[in-house]
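So the structure is just underneath, and the comments pick up after that.
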Amino acid sequence: MLKFIFMVLFILPICFMKKIFWTVQNLLFFISFMFIMMNNSMNYWVNISYFLGCDIMSYGLILLSFWIISLMLMASEKINTFNNYKNLFLFNVILLLILLILTFMSMSLFMFYLFFESSLIPTLFLILGWGYQPERLQAGLYLLFYTLFVSLPMLIGIFYLFNKMGTMNFYLMNNYLFNYDLLYFCMILAFLVKMPMFLVHLWLPKAHVEAPVSGSMILAGIMLKLGGYGLMRVISFFQIMGLKYNFIWISISLIGGVLVSFVCLRQTDLKSLIAYSSVVHMGIGLVGMLTMTYWGLCGFYTLMIGHGLCSSGLFCLANISYERLGSRSLLINKGLMNFMPTMALWWFLLSSGNMAAPPTLNLLGEISLFNTTVNWSWFSMISLSLVSFFSAAYSLYLYSFSQHGKIFSGVFSFSEGKIREFLLLILHWFPLNYLILKSEFFMLCL
């Protein structure tokens, strides 16, 4: 595992060379393919050391990090063209990648916490430095304070665990079961905010709307998965507490999913619609995860990977429209089928992915999650069916409003998609639909 860290570390200094933007992106793709070749679909830890290791949960998420960051650079062509501090941008992105890989590879809970919180800083710089509107300062503060507010209790919880167990190693900690209420809340809350769970989700739409396309892709693709990954790691030694308290988070997420779906149907901003839909999807994933069943865990893992690819692709599409029309409002982004007919296909494919149509990975995840949630409580069928229905509703709303209708009179020029954009979209869509053929990879993570 250390070889990948060093490969990415050695990209850091070349970020400051001239005309290096696409070289860095090609290097990242190269590393991604190397990582695919090292396919460790084992259900135990491999490549293990005192500090780093990799099991199947880490493997999928590290691969997703490499992939999304490579695509981020492909989507940020404007930064390269207009020379918008592109070397600093590259440096920031590569630094973020290193922190994300270290987060997912850490064997120790404290190291995981350290990198988990550090990854916030480059993201904050992305939003503050390359965001579009002046409100990005407020969005950055929201992001920072929501996350930091629950970080300190978690740190104290980690030190308490170390004091009790004498180890921080994930592999060794699984042998313990705790029955201590305050510790449970300290450890779980940090991950729920990062997910984000309904009620503590307000930082997400703000951060998405203000972030540049690369910021949105990384937020939707990987930052939301950090909370889920951490939850998967710590839930094993809070099982007794989980039986006592998990119903609270499940209820909030189920009701919240329905309410946020209504919010989605009222959005006029492309990005904020996609951001709110992320809250719904992660909410459903959280419900399945907290039922503490095998199906729930596998379904959540599948949904995380699927949502990372699908949501990131939708943000790319929103950005492609934004670059042409200079606005993200649905009132202006109308009739795009006349304007960019080939893009309409990609809007359709990714919107259908967003509503978990077959053969996407989201479908596999949602089927598992619905099964496990209904098994947990028959009553949850009501909100699950509503979430499922409205999920289709707002995806169709997004597609039909942006593609059909009368084209906005202020649009004079005509512009098709570029080859780079089609490549970017197919690299989101292909793994999203192809990986369902390799579904045993997602169902063997225990």
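Ring pair W346/W429 is perpendicular by interplanar angle, where above 60° counts as perpendicular and below 30° as parallel. Ring geometry for H201 versus Y276: interplanar angle over 60°, hence perpendicular rather than tilted (30 to 60°). Using bins of under 30°, 30° to 60° and over 60° for the plane-to-plane angle, the ring pair W130/F89 lands in the perpendicular bin.
S402 places a side-chain N or O within donor-acceptor distance of the main-chain N or O of Y399, the cut-off being under 3.5 Å. Between the side chain of K225 and the backbone N or O of A220 there is at least one donor-acceptor pair closer than 3.5 Å. Under the 3.5 Å distance criterion, the side-chain polar atoms of T293 are matched with a main-chain donor or acceptor of G296. Judged by distance alone, with hydrogens and angles left aside, the side-chain atoms of T372 form no donor-acceptor pair with the main-chain N or O of L369 at under 3.5 Å. A donor-acceptor distance shorter than 3.5 angstrom exists from the side chain of R136 to the backbone of G131, with no hydrogens or angles considered.
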Derivation of the side-chain contact (heavy atoms from CB on, under 4.5 Å) call for M72 and Q25: CA-CA 9 Å; M72 252 171 80; Q25 189 222 348; over 6 Å; no
side-chain contact (heavy atoms from CB on, under 4.5 Å) between L52 and L102, worked out: CA-CA 8 Å; L52 299 175; L102 286 168; 4.0 Å; yes
N47 vs L2, side-chain contact (heavy atoms from CB on, under 4.5 Å): CA-CA, chis, key distance, verdict: CA-CA 9 Å; N47 302 340; L2 203 60; over 6 Å; no
Chi angles and distances behind the side-chain contact (heavy atoms from CB on, under 4.5 Å) call for Q267, I274: CA-CA 9 Å; Q267 293 304 313; I274 303 163; over 6 Å; no
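A donor-acceptor pair shorter than 3.5 Å can be found between the side chains of Y245 and D181. Checking T268 against S329 by side-chain atom types alone, no donor-acceptor pair falls below 3.5 Å. At a cut-off of 3.5 Å, with distance as the only test, no side-chain donor of S351 or S395 sits close to an acceptor on the other residue. Between the side chains of H307 and S278, at least one donor N or O sits under 3.5 Å from an acceptor N or O. Residues E117 and S151 have side chains that bring a donor and an acceptor to within less than 3.5 angstrom of each other. Judged by distance alone, the side chains of N169 and S108 never bring a donor and an acceptor atom under 3.5 Å apart. In summary, the side chains of Y184 and N246 do present a donor paired with an acceptor at a separation below 3.5 Å, with no hydrogens or angles considered. Using a 3.5 Å distance cut-off with no hydrogens or angles, the side chains of K194 and T147 do not pair a donor with an acceptor.
Remark: F125 pairs with N92, I121 by the side-chain contact (heavy atoms from CB on, under 4.5 Å) rule, at least two apart or across chains. Listed by chain and residue number, Y132, E323 satisfy the side chain to side chain donor-acceptor pair (under 3.5 Å) test with N319 (two or more places apart in sequence, or in another chain). The side chain to side chain donor-acceptor pair (under 3.5 Å) search around S58 returns D55, Y229, R233, not counting sequence neighbours.
Checked against the 6.0 Å centroid threshold, F16 and F91 count as a close aromatic pair. A distance below 6.0 Å separates the ring centres of F29 and W67. The six-membered or imidazole ring of Y397 lies near that of F401, with a centre-to-centre distance under 6.0 Å.
Within the model, atoms CD1 of I320 and CG of L325 stand 12.0 Å from one another, a figure rounded to the nearest 0.5 Å. Between the CD1 atom in I305 and the CZ atom in F442 there is a gap of 5.5 Å [rounded to 0.5 Å]. Atom-to-atom distance recorded for I188:CD1 and L183:CG is 9.5 Å, nearest 0.5 angstrom. Between the CG atom in L364 and the CD1 atom in I436 there is a gap of 5.0 Å [rounded to 0.5 Å].
Taking the side chain as every heavy atom from C-beta outward, W45 and C54 never approach each other to under 4.5 Å. In this structure the side chain of F112 never reaches within 4.5 angstrom of the side chain of M105, judged on heavy atoms. Counting heavy atoms from C-beta outward, L61 and I222 have side chains that stay 4.5 Å or more apart. Side-chain contact check for W249 versus M197: some heavy-atom pair is nearer than 4.5 Å. Residues L270 and Y322 are not in side-chain contact: their nearest non-hydrogen atoms beyond the backbone lie 4.5 Å or more apart. Side-chain atoms of L28 and I94, non-hydrogen and from C-beta on, do get closer than 4.5 Å to each other. Between E77 and W22 the shortest side-chain heavy-atom distance falls below 4.5 Å. Side-chain contact between M381 and T373 is absent, with no heavy atoms from C-beta onward closer than 4.5 Å.
Checked against F191 for a side chain to side chain contact (heavy atoms under 4.5 Å, CB included), the options M289, M232, M154 give a single hit: M154. None of F104, Y59, F33, F35 except one satisfies the ring-ring contact (aromatic ring centres under 6.0 Å, His included) rule with F66; the exception is F35.
Between R324 and E421 there is a salt bridge, with a side-chain nitrogen of the basic residue lying less than 4.0 Å from a carboxylate oxygen of the acidic one.
Around atom CZ of F185, more than 12 heavy atoms belonging to other residues, nucleotides or ligands sit under 6.0 Å away. By the neighbour-count criterion of 12 heavy atoms within 6.0 Å, atom CZ of F30 is sparsely surrounded, having that number or fewer from other residues, nucleotides or ligands.
Relative to the six-membered ring of F178, K164 misses at least one condition, a distance below 6.0 Å or an angle of at most 45° to the axis. Figure legend: K86 and F21 shown without cation-pi pairing, the cationic atom not lying both under 6.0 angstrom from the six-membered ring centre and within 45 degrees of its axis.
Of all the heavy atoms in S312 and G308, the pair that sits closest is CB-O, 3.1 Å.
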